[in-house]
Amino acid sequence: MVNVRSAVLNDLEPLSALLDGYRQFYKQPSDIQAAHDFLDQRMGLGDSFILVSESKDGTLTGFVQLYPGVSTVGLNARWTLNDLFVLPECRDKGTGRALMEAATQLAHDHGVARLILMTQVENERAQHLYESLGWQRNTAFYGYLLDVK
């Protein structure tokens, strides 16, 4: 059984390494200090929810990060599940599933009506996990991006 809990400030160092691994998965250069600063800001502002998974010895093995938002059309809360990362050696052991289920429960506990996420088209492993948990691929809307910096 995978232990999942809310991240705390004492997790900042190992969580920074996980975030750095996540960014490298998406072809970003390694930058532990930037990952640390980013997470420190998130935790300081409290503008995201971060859940971590840990092994029996307390080593962090993965994380999921959610950002609160709202839906004008639905007139309710809608959170974005922005990040999910599991150490390669901990994949296929239920860690990602446990993190996703904990994120869903957290949203439910906060009265959130809908979770949304995006993943790369090539990330079939993640798509399989999401669909096995009941997530539905959005075929009604196109996603657009605009770089403004």
Side-chain angles (χ1 to χ4, degrees), residues 1-71 76-138 143-145 147-149:
M1 179 164 188
V2 178
N3 184 44
V4 176
R5 60 174 175 77
S6 294
V8 296
L9 278 176
N10 285 343
D11 295 323
L12 194 53
E13 297 307 319
L15 186 54
S16 297
L18 288 172
L19 178 60
D20 193 58
Y22 172 77
R23 293 184 70 251
Q24 289 178 56
F25 177 83
Y26 283 104
K27 310 295 186 231
Q28 299 301 307
S30 177
D31 191 336
I32 294 279
Q33 186 60 52
H36 178 278
D37 294 346
F38 180 82
L39 289 168
D40 189 43
Q41 186 177 46
R42 300 288 64 75
M43 290 178 163
L45 293 173
D47 60 2
S48 73
F49 293 92
I50 305 171
L51 301 174
V52 294
S53 57
E54 60 186 358
S55 64
K56 290 177 184 174
D57 69 0
T59 302
L60 297 191
T61 59
F63 77 97
V64 64
Q65 185 164 210
L66 303 114
Y67 291 95
V70 296
S71 170
N76 54 28
R78 177 182 291 181
W79 287 3
T80 300
L81 194 151
N82 203 69
D83 313 310
L84 171 68
F85 181 74
V86 174
L87 289 173
E89 62 270 21
C90 298
R91 295 178 186 158
D92 295 325
K93 295 180 180 176
T95 303
R97 178 173 298 278
L99 284 163
M100 292 294 291
E101 289 173 345
T104 301
Q105 185 62 52
L106 181 67
H108 179 269
D109 293 348
H110 280 83
V112 174
R114 176 170 286 165
L115 288 173
I116 58 173
L117 66 77
M118 290 179 25
T119 191
Q120 285 183 323
V121 173
E122 300 86 16
N123 195 350
E124 292 178 3
R125 174 183 239 158
Q127 292 167 34
H128 177 72
L129 172 62
Y130 304 148
E131 291 171 9
S132 76
L133 290 166
W135 288 70
Q136 298 174 5
R137 184 174 298 186
N138 185 346
Y144 289 87
L145 302 171
D147 292 330
V148 293
K149 188 174 180 184

Between [X] and [Y], is any pair of side-chain heavy atoms under 4.5 Å apart?
X: Leu39; Y: Ile50; result: yes
X: Leu129; Y: Leu84; result: yes
X: Trp135; Y: Thr119; result: no
X: Met100; Y: Leu115; result: no
X: Arg97; Y: Leu99; result: no

Any side-chain donor paired with an acceptor under 3.5 Å for [X] and [Y]?
X: Gln41; Y: Asp37; answer: no
X: Gln105; Y: Asp109; answer: yes
X: Asn82; Y: Gln65; answer: no
X: Thr59; Y: Asp57; answer: yes

Working for side-chain contact (heavy atoms from CB on, under 4.5 Å), residues Tyr26 and Asn123: CA-CA 10 Å; Tyr26 283 104; Asn123 195 350; 3.8 Å; yes
Restricting to non-hydrogen atoms, name the atom on [X] and the atom on [Y] that form the minimum distance, rounded to 0.1 Å.
X: Thr61; Y: Ser55; result: CG2-N, 3.8 Å
X: Asp20; Y: Ser30; result: OD2-OG, 2.6 Å
X: Val112; Y: Ala77; result: CG1-O, 3.8 Å
X: Leu81; Y: Ala103; result: CD1-CB, 4.0 Å
X: Ser6; Y: Asp11; result: O-OD2, 4.2 Å
X: Pro68; Y: Ser48; result: CD-CA, 4.3 Å

First locate atom [atom1] of [X], then atom [atom2] of [Y], and finally report the distance between them rounded to the nearest 0.5 Å.
X: Arg137; Y: Tyr130; atom1: CZ; atom2: OH; value: 12.0 Å
X: Leu133; Y: His128; atom1: CG; atom2: NE2; value: 9.5 Å
X: Arg23; Y: Leu18; atom1: CZ; atom2: CG; value: 13.5 Å
X: Leu87; Y: Leu60; atom1: CG; atom2: CG; value: 8.5 Å

Describe, in one word, how the ring planes of His110 and Trp79 are oriented to each other, choosing from parallel (under 30°), tilted (30 to 60°) and perpendicular (over 60°). tilted
Are more than 12 heavy atoms from other residues, nucleotides or ligands located less than 6.0 Å from atom [atom1] of [X]?
X: Gln120; atom1: CD; answer: yes
X: Arg114; atom1: CZ; answer: no
X: Glu89; atom1: CD; answer: yes

Where do Leu15 and Met43 land on the side-chain contact (heavy atoms from CB on, under 4.5 Å) test, with the steps shown first? CA-CA 12 Å; Leu15 186 54; Met43 290 178 163; 3.8 Å; yes
Show your working on side-chain contact (heavy atoms from CB on, under 4.5 Å) between Arg125 and Asp92 and close with a plain yes or no. CA-CA 10 Å; Arg125 174 183 239 158; Asp92 295 325; 2.6 Å; yes
Check for a donor-acceptor pair, side chain of Thr95 on one end and backbone N or O of Arg91 on the other, with a separation under 3.5 Å. no
Side-chain donor or acceptor of His108 paired with backbone N/O of Thr104 under 3.5 Å: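 Checked: no pair found.
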Ion pair Asp83/Arg42, N-O distance below 4.0 Å: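 No salt bridge links Asp83 with Arg42.
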